Amino acid sequence: MVARPTQTTHQKGQAVEAYVASWLGSQGYTIVQRNFRCRLGELDIIAEHGDYLVFVEVRSRGSGRYGAAVHAISPGKAAQVAKVAACYLAYHGGPWASRPKRFDVVAVTSGVPTLLQDAFRLGEQRYRYQ
């Protein structure tokens, strides 16, 4: 029997993001782009939902043994996501300039997604997941 190599963390993350993108489609989201990168970091998913342009942060944990995935997002991570979103808008903001924007989080624990709409806002110390 030949042992198969285990997935890397990056491969696991890509698989979860693909699953979440598909799941968001079933929730009425239209995916605009995945894995936008700039020098400040990366946005997992950018989508449209109703009138909103939504920046989606995906977090996952294989089990709840060390806490739910939703607890893996710190205020520092939220601030970084907001900075990368500003970078995205600087590059692609024309069509999105007049649209409202929102930051959602999809936390996947043990394969079960939990959606937190409007999880945090630019310039506010308001985090729904704490």
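Predicted, not measured: the structure shown is a model, and the values here were computed from it.
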(request) Please confirm whether the backbone N or O of Leu40 pairs with a side-chain atom of Gln80, one donor and one acceptor, at under 3.5 Å? (result)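 At least one qualifying donor-acceptor pair exists.
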Under a 4.5 Å cut-off applied to non-hydrogen side-chain atoms, are [X] and [Y] in contact?
X	Y	answer
Leu24	Ile45	yes
Leu89	Lys101	yes
Val106	Val20	yes
Phe120	Val105	yes
Val84	Cys38	yes

(request) Hey, could you give me each pair passing side chain to side chain donor-acceptor pair (under 3.5 Å) that has a residue in residues 85-95? Not counting sequence neighbours. (result)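 Matches after skipping sequence neighbours: none remain.
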(message) For Gln27, give me all partners under side-chain hydrogen bond (donor to acceptor under 3.5 Å, both in side chains), at least two apart in sequence or on another chain.
(response)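 Listed in chain order: nothing, the list is empty.
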(message) I'd like to know whether OH of Tyr52 has more than 12 heavy-atom contacts from other residues, nucleotides or ligands below 6.0 angstrom.
(response)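 No, because the 6.0 Å sphere around OH of Tyr52 holds 12 heavy atoms or fewer from other groups.
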Where is the tightest heavy-atom contact between [X] and [Y], given as atom of each residue plus distance?
X	Y	value
Gly111	Tyr19	O-OH, 3.5 Å
Val56	Asp44	O-CB, 3.4 Å
Leu43	Val81	CD2-O, 3.7 Å

(request) For Asp104, enumerate each residue passing the salt bridge (Lys or Arg N to Asp or Glu O under 4.0 Å) test, keeping only those at least two apart in sequence or located in another chain. (result)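 With sequence neighbours excluded, Asp104 shows a salt bridge (Lys or Arg N to Asp or Glu O under 4.0 Å) to Arg102, given in chain and number order.
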(message) Restricting to side chain to side chain contact (heavy atoms under 4.5 Å, CB included), what partner residues turn up for Glu48, sequence neighbours left out?
(response)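 For Glu48, the residues satisfying side chain to side chain contact (heavy atoms under 4.5 Å, CB included) (neighbours in sequence not counted) are Thr30, Val32, Trp96, Arg99.
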(message) Using 0.5 Å steps for rounding, measure from the CZ atom of Phe36 to the CD1 atom of Ile46.
(response)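 Here the interatomic distance stands at 6.5 Å.
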(request) Using the test ring-ring contact (aromatic ring centres under 6.0 Å, His included), find all partners of Tyr29 that sit at least two apart in sequence or belong to another chain. (result)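 With neighbours one apart ignored, the set is His49.
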(message) Per the salt bridge (Lys or Arg N to Asp or Glu O under 4.0 Å) rule, what does the pair list look like for residues 17-39, sequence neighbours excluded?
(response)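 For residues 17-39: Arg37-Glu42.
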